[in-house]
Amino acid sequence: MKWHEMRAEEVEEQINSNLNAGLSESEAKNRLLQFGTNELQEAERPNAILLFLEQFKDFMVVVLLAATMISGLLGEYIDAIAIIAIVVINAFLGFFQERKAEKSLQALKELSAPQVMVLREREWRKVASRDVVVGDIVKFTSGDRIGADLRIVQASSLEIEESALTGESVPSVKSVSPVAGSDIAIGDQENMAFMGTLVTRGSGVGVVVATGMNTAMGQIADLLQSAEATITPLQRKLEQLGKILITVALILTALVVIVGVLQGHSLYDMFLAGVSLAVAAIPEGLPAIVTVALSLGVQRMIKQKSIVRKLPAVETLGCASVICSDKTGTLTQNKMTVTHVWSGGKLWSVTGNGYEPKGEFLQDGNKVGKMDKSLQQLLTFGLLCNNAEVKVKNKQYVLDGDPTEGALLVAAMKAGYTRESLIDDFQLVKEFPFDSERKMMSVIVKDNHGKLFVITKGAPDVITKVSESLLWNGKRELLTQKYENFVKDMVHTLASKALRNIAVAFKPITSFHEGMLEKDVEKDLIFIGLQGMIDPPRPEVKQAVKECREAGIKTVMITGDHVITAKAIASEIGILPMGGKVLEGRALQGMSQEELEQIVEDVYVYARVSPQHKLSIVKALQKKGHIVAMTGDGVNDAPAIKASDIGISMGITGTDVAKEASSLVLLDDNFATIKSAIKEGRNIYENIRKFIRYLLASNVGEILVMLFAMLLALPLPLVPIQILWVNLVTDGLPAMALGLDQAEGDVMKRKPRHPREGVFARGLWWKIVSRGFLIGLATLLAFIIVYRQNPDNLMYAQTVAFATLVMAQLIHVFDCRSERSIFHRNPFQNMYLVGSVLSSILLMLVVIYYPPLQGIFHTVAIDPKEWLLILGMASLPTFLLVGTLFTSKAKKNMV
Ligand code: ATP
């Protein structure tokens with residue numbers, strides 16, 4: 001017999017498990033050792049040696065190797081060995097960079113690895129999906145991705161979308177009874193849930209019958225091995241730019257070589273100079289450094305509690321102009337405490353803090369003696385229609401479950417009720433779980449006389465709609481307009497105190513059958529009362545909202561909560577300005593997309609909205625040219641998360657579906673983390689601009705010094721090996737350190753970057769060309785001055801030129817840290833940069849003064865007093881233009 005044909009007990013027996021207790025940890029461990037982890041086999045990753053050899057595929061490396069061969073053939077062994085050494089060092093650097101990038105991507109994957117709720121030793125525990133074994137009892141709910149193949153043993157309103165296996169996108173309704181027929185298709189196995197499919201509605205429990213490659217998914221896993229490589233828009237642009245730069249560099253190099261040969265230099269010298277120059281001038285390392293900068297940024301973001309799932313999001317973050325944020329849990333703490341209860345026309349306040357079940361019910365400041373019957377019902381029914389549990393851990397009361405339900409549970413416990421105390425009187429027959437569309441939840445219970453009741457709790461406006469009477473002063477009254485107004489007024493009063501309200505209602509029913517739907521029971525109810533709960537804002541949110549505003553980013557609150565509650569909290573945390581609009585889901589429903597577009601920029605709070613409204617809001621904002629970040633946690637949020645420019649999901653409360661749709665996961669569900677991520681996103685982009693500026697200006701300088709010298713019929717100011725050295729040591733290390741630079745102080749005071757803005761916008765081209773030109777010129781001047789003084793010692797003049805070029809670049813690198821000028825930043829803030837600059841200087845000194853290397857690098861010891869000239873010339877490119885900047889500013893001021 002197949003699993004779907006068996007009864008649940010037969011499965012339990014066959015598989016040697018226990019539906020009530022689950023497996024023991026030791027048994028689970030044994031099974032894991034015996035049958036392996038619950039994972040699909042992945043395509044093999046390239047091994048280290050292959051990755052290292054990959055580095056030699058690079059076009060420039062091939063050119064260099066060719067040059068080595070030619071040098072070797074011509075008997076220039078020292079040149080050949082030096083070039084080979086540089087090629088190998090280069091390959092090692094590239095190899096380590098790529099390894100690092102790959103490792104960090106792998107670490108990201110591990111962090112977002114799914115977890116599953118399993119029953120072990122009678123307790124529900126969260127374990128990594130890969131540790132699930134056959135026989136485990138697994139609990140799942142709407143939004144979860146199923147982690148193994150399961151035989152379902154409990155299901156409430158359960159629907160699962162199985163398109164990954166069957167291609168059918170309409171979810172299948174699931175049940176628990178055995179299904180006959182051993183050969184039936186997966187789509188018809190109604191009591192089975194398969195690995196990789198999605199729970200779209202309801203909840204359930206199942207026994208694991210297959211894991212890993214033995215699952216239905218495992219059997220088709222080969223088809224799923226298409227890992228998509230993500231490349232960011234900037235990387236793509238740089239790839240295109242790289243091609244242009246290669247052409248320009250090759251043309252200029254050819255020019256240098258031709259002019260050099262015409263001026264009488266030897267063909268071999270010019271060939272080697274040309275090759276080194278081409279290698280130095282082409283920023284072949286740029287894409288790798290960009291990847292490293294992105295992935296290091298991503299690692300910094302993990303420390304600040306956000307995980308980037310899609311690399312392009314890092315860039316888009318810097319362009320975000322609107323953040324649409326959920327309220328509960330993201331802007332607020334999601335720690336709910338009932339502070340007021342209202343029933344039968346009377347209002348009580350409730351004392352106590354958090355989830356500790358200690359507190360009193362007060363009326364007009366006095367402790368309540370005997371509780372009204374309707375108040376007792378409000379509290380007990382609030383507890384019965386509820387799945388939360390409060391446990392004591394480390395002497396603290398902690399909640400297991402939904403905070404709204406936790407608040408209701410604790411309120412009931414304060415009055416002396418517990419689930420255990422009610423269990424003899426009421427038995428749960430059926431549950432219709434909460435969902436954000438209906439905004440309510442119901443249970444059917446049977447009391448100890450065999451009578452059946454529906455208990456429903458939910459948003460007050462929804463509950464009044466499905467109620468036909470209410471309890472008032474100990475009597476049951478028809479819910480006329482008059483009473484409805486009483487309810488509305490009380491909701492208004494409580495909501496103005498920023499309280500979230502939950503209404504509780506019930507009705508007796510005569511019969512029940514399995515096929516009953518929510519709409520059959522959630523009607524003609526008797527309204528009992530309201531419980532108002534406080535959910536304080538997160539303390540850091542107000543400041544974060546303010547910083548976002550200063551950064552030109554608007555924050556919009558989107559909530560399923562009541563409009564007045566939403567408004568009260570939005571005002572408190574500074575989201576809702578004077579005159580800002582608040583829009584309700586109802587109004588949104590009646591609007592066309594065009595009408596929404598017309599007002600969307602004035603709206604700051606959306607209340608009582610359903611998840612599908614989020615999609616219209618995202619689209620309207622995008623139509624208005626905004627780059628939208630949108631948060632969400634549920635299944636129904638996924639379309640809006642996907643459609644937004646930066647989809648954000650919640651690490652703690654988010655469902656698998658929302659996480660998979662998102663490009664950013666907040667590990668702490670906190671709004672302030674979005675702000676930090678945006679700041680980091682802006683910074684990463686600026687850092688990329690910084691080292692592009694540095695590398696390209698350096699390259700321009702290197703080419704120009706050679707070109708100018710050839711045009712002026714001078715000897716070569718730099719020998720090829722020196723050019724290669726500058727390219728490797730002086731350019732590489734500081735550029736990496738720029739990638740690690742901190743944000744400039746005003747990075748969150750600027751407007752968001754326009755998404756179509758080029759990398760070279762805001763004057764970057766000018767800075768690259770002007771500084772590059774000056775670096776070339778200063779190096780040449782130093783060369784000419786020393787060469788004129790002593791034309792017989794060309795090697796000395798070349799060494800001075802080499803030192804000037806290196807120092808000019810190493811001073812210029814500090815200028816690259818700021819969009820304004822070198823004086824705007826403390827150079828010691830980035831110790832990586834200081835370290836890399838010092839080590840570059842040290843290495844240069846070794847090359848100049850250490851005799852064994854002098855032969856290889858064609859250098860001679862420089863006279864100490866010459867350093868004055870070198871440093872003076874090297875400072876020119878950076879400080880000359882700062883001067884002009886100041887004078888032009890001063891002139892402007894005078895005008
Ligand atoms: P957010 O601000 O994150 O969008 P929310 O928690 O305010 O979300 P929903 O979870 O969609 O929004 O809840 C909408 C309304 O449904 C709440 O205002 C509350 O009245 C009601 N509600 C929330 N949780 C429950 C629950 N567990 N049972 C019954 N009703 C609930």
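Just so you know, these numbers come straight off a predicted model, no measurement behind them. In each ligand, atom 1 is the first atom listed, and ligand 1 is the first ligand listed. Computed from heavy atoms alone, side chains included, the values below leave out hydrogens, waters and symmetry copies.
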Under 3.5 Å, is there a donor-acceptor pair linking the side chains of Asp645 and Gln622? yes
A student checking ligand 1 against Ile502 at a 4.0 Å heavy-atom cut-off should list atoms 19 (C), 20 (O), 21 (C), 22 (N), 30 (N), 31 (C)
If you count the atoms of ligand 1 from 1 in the order shown, which ones are under 4.0 Å from a heavy atom of Ala459? 20 (O), 21 (C)
Arg500 bridged to Asp561 by N-O distance under 4.0 Å: yes
Side-chain H-bond candidate by donor/acceptor type, Thr141 with Ser203, under 3.5 Å: no
What residue and heavy atom of the protein are closest to atom 8 (O) of ligand 1, and at what distance? Thr328 OG1, 3.7 Å
Is it the side chain, the backbone, both or neither of Lys327 that has a heavy atom closer than 4.0 Å to ligand 1? both
With heavy atoms only and a cut-off of under 4.0 Å, state how Thr330 meets ligand 1: side chain, backbone, both or neither. neither
Under 4.0 Å to a heavy atom of Asp326 - the qualifying atoms of ligand 1, by number: 3 (O), 4 (O)
How far is atom 27 (N) of ligand 1 from the closest protein heavy atom, and which atom is that? Asp402 OD2, 2.8 Å
Heteroatom distance test (Asp561, ligand 1): nitrogen or oxygen, under 3.5 angstrom: yes
Can you confirm whether the side chains of Gln612 and Asn636 place a donor and an acceptor under 3.5 Å from each other? no
Apply side-chain hydrogen bond (donor to acceptor under 3.5 Å, both in side chains) to residues Asn501 and Gln531 and explain how you reach the verdict. CA-CA 6 Å; Asn501 291 299; Gln531 302 205 34; over 6 Å; no
Against the six-membered ring of Phe432, is Lys430 placed for a cation-pi contact (under 6.0 Å from the centre, within 45° of the normal)? yes
Polar contacts were defined as any N/O atom of the residue lying under 3.5 Å from an N/O atom of the ligand; does this apply to His562 and ligand 1? no
With a cutoff of 4.0 Å, is Asn501 in contact with ligand 1, counting heavy atoms of the residue only? yes
Check the angle between the aromatic planes of Trp472 and Trp342 and answer parallel, tilted or perpendicular using the 30° and 60° thresholds. perpendicular
Quick test of your reading of the structure: of Met650, Arg500, Met441, Lys457, whose heavy atom lies closest to atom 7 (O) of ligand 1? Arg500
Between the side chain of Thr330 and the main-chain N/O of Lys327, is any donor-acceptor distance below 3.5 Å? no
Give me the nearest non-hydrogen protein atom to atom 31 (C) of ligand 1 as residue plus atom name, then the distance to 0.1 Å. Phe434 CE1, 3.1 Å
Side chains of Glu161 and Thr200: do they bring a donor and an acceptor to under 3.5 Å? no
Considering the heavy atoms of Gly458, write down every atom of ligand 1 situated less than 4.0 Å from one of them. 29 (C), 30 (N)
What do you reckon, does Val609 put a non-hydrogen atom under 4.0 Å from ligand 1? no
Does a donor on one side chain sit under 3.5 Å from an acceptor on the other, for Thr673 and Asp668? yes
Considering heavy atoms of the protein only, find what lies nearest to atom 14 (C) of ligand 1 and give residue, atom and distance to 0.1 Å. Gly560 O, 3.4 Å
With atoms numbered from 1 as shown, which atoms in ligand 1 lie under 4.0 angstrom from a non-hydrogen atom of Thr559? 1 (P), 2 (O), 4 (O), 7 (O)
Do Asp144 side-chain atoms and Phe140 backbone N/O form a donor-acceptor pair below 3.5 Å? no
Protein contact of atom 11 (O) of ligand 1 - nearest heavy atom, named by residue and atom, plus distance: Ser436 OG, 3.1 Å
When you measure from the heavy atoms of Arg608 to every atom of ligand 1, does any distance fall below 4.0 Å? yes
